[in-house]
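Presented below is the structure to which this report refers.
Numbering of ligands and ligand atoms starts at 1, following listing order. Owing to the predicted nature of the structure, the values given are computational and were not obtained by experimental measurement.
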Amino acid sequence: MKIQLRKPFFPNKSIIRIQNQIKNVMKSGQLTLGENVKMFEEDFAKYFHVKFAVAVSSATAGLHISLLSLGIKKDDEVIVPAKTFISTANAALYCNAKPIFCDVDESTFQLDPSKIEQLITKKTKAIIPVHLGGNICEMKKIKKIAKKHNLSIVEDAAHAHGSTLRGQFAGTFGEIGVFSFYPDKIMASSDGGIIITNNRKLFKKLILLRNVGRKSIGEYDYTEIGYNYRMNEIQAILAREQLKLLPKILQKRRAITKKYDSKFKDLSNIKIQKISKDVNSGYYAYIMKLKKGNLKKFRANLLKKGIETSPMFTTIYKTKIYKKFKTKKYYCPNSEKLDSETFTIPLHPGLTSKEVDYVIQEIKNQDN
Ligand SMILES: Cc1ncc(COP(=O)(O)O)c(C=O)c1O
């Protein structure tokens, strides 16, 4: 048996609908930033109970212009978790600001609020909590710190479409939330991202920043140095279809992870990511930690059985391009330790119960 780690969910009926819509768009000639993008933004904002949504070409682009819209500039500091995807930190560098790496909690693997304040200086302007794997960071504590020090919050919700904390959606706690539609995400498209906010001023700025500094295509009145971060119509058609499917996608993901939880909770050498009872995760990833032994060997054994797995990110300052950020001051021991311990197992709505059972059995066989 070969079991894929992640796979987008497009039932045949959706594919037919998408094909028809793409045909119409191709005939119309309006292939980017058209009606489908507009409808998608409206639908997304409605679903997440926010005032504004700005569709962009990727979450990477979204994080970049979110920081710009908040006025982040040269030499400002932005606090990010050490364990994340590189785009979270890159967003600060793109603004000529400095990413400041904060350690993560050893059980939730997410930004540890108790380690944030010691990193705050006069230059600190924002925090980017990353909702890892669909879990949600401790937003009450993070918001309190942000308020006390007058910092903005941009939530990296690339993994957390539909996740809630005490009933509130991930992406709606800070000034801005950013989601990804990279094909392996909870909502997939042919790449893409979206920014949500309730702040009209930020919304207006984001609209300009994503479209080379102008409000709409065909205008030549540029009021900002913007970027070509537009979402195109084909991306929007796919993403809109995914939004319609989101309740079903979440239901399927949650059913699989419930089964995983029940079967994995008593393993001796493997610990599951800790998720608070207040969080209803959308489960982009099912993250586990190998307590003892060699993770590479463990993963290779699973691959021999046809089961794909992935490591759960590398501490950013340990990657080649970020080495200069590795200093004693910003040492993140939990994140570094987790690099050789955490991994994710197959999780997508298309997994059959036979496949889920097979994954469970093979992981149990590896546990000792
Ligand atoms: C935590 C996190 N943030 C941001 C991104 C960037 O998303 P995109 O590929 O849409 O630019 C990713 C992508 O995997 C991610 O995992």
For [X], take its heavy atoms, then give the atoms of ligand 1 lying under 4.0 Å from any of them.
X      : answer
Lys185 : 13 (C), 14 (O)
Val130 : 1 (C)
Phe313 : 16 (O)
Ser58  : 10 (O), 11 (O)
Gly192 : 10 (O)

query: For the residue pair Phe181 and Phe40, is the inter-centroid distance of their aromatic rings smaller than 6.0 Å?
result: yes

message: Would you say the rings of Phe85 and His159 are close, in the sense that their centroids are separated by under 6.0 Å?
response: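 No, the ring of His159 stays outside the 6.0 Å limit from the ring of Phe85, centre to centre.
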
For [atom], closest protein heavy-atom neighbour:
atom                    : value
atom 6 (C) of ligand 1  : Thr60 OG1, 3.5 Å
atom 9 (O) of ligand 1  : Tyr182 CB, 3.8 Å
atom 15 (C) of ligand 1 : Phe85 CB, 3.4 Å

query: Is the side chain of Lys271 donor-acceptor paired with the backbone N or O of Lys291 at a distance under 3.5 Å, no angle test?
result: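 A pair under 3.5 Å: no.
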
query: Given Asp156, Ile128, Thr88, which one has a non-hydrogen atom that is nearest to atom 3 (N) of ligand 1?
result: Asp156

Close approach of Gly62 to ligand 1, heavy atoms, under 4.0 angstrom: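 Contact absent.
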
message: Any carboxylate oxygen within less than 4.0 angstrom of a Lys/Arg side-chain nitrogen, looking at Asp357 and Lys263?
response: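 No, Asp357 and Lys263 are not salt-bridged.
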
- prompt: Side chains of Asn211 and Ser216: is there a donor and an acceptor less than 3.5 Å apart?
  reply: no

Residues Asn199 and Glu175: side-chain donor-acceptor under 3.5 angstrom: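 No pair is found: no donor N or O on one side chain lies under 3.5 Å from an acceptor on the other.
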
query: Where does the angle between the aromatic ring planes of Phe101 and Tyr322 fall among parallel (under 30°), tilted (30 to 60°) and perpendicular (over 60°)?
result: perpendicular

- prompt: Hey, what's the ring geometry for Phe179 with Phe48, parallel, tilted or perpendicular (30° and 60° as the breaks)?
  reply: tilted

message: One residue to check: Ser87. Relative to ligand 1, which of side chain, backbone, both or neither has a non-hydrogen atom less than 4.0 Å away?
response: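 Side chain only.
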
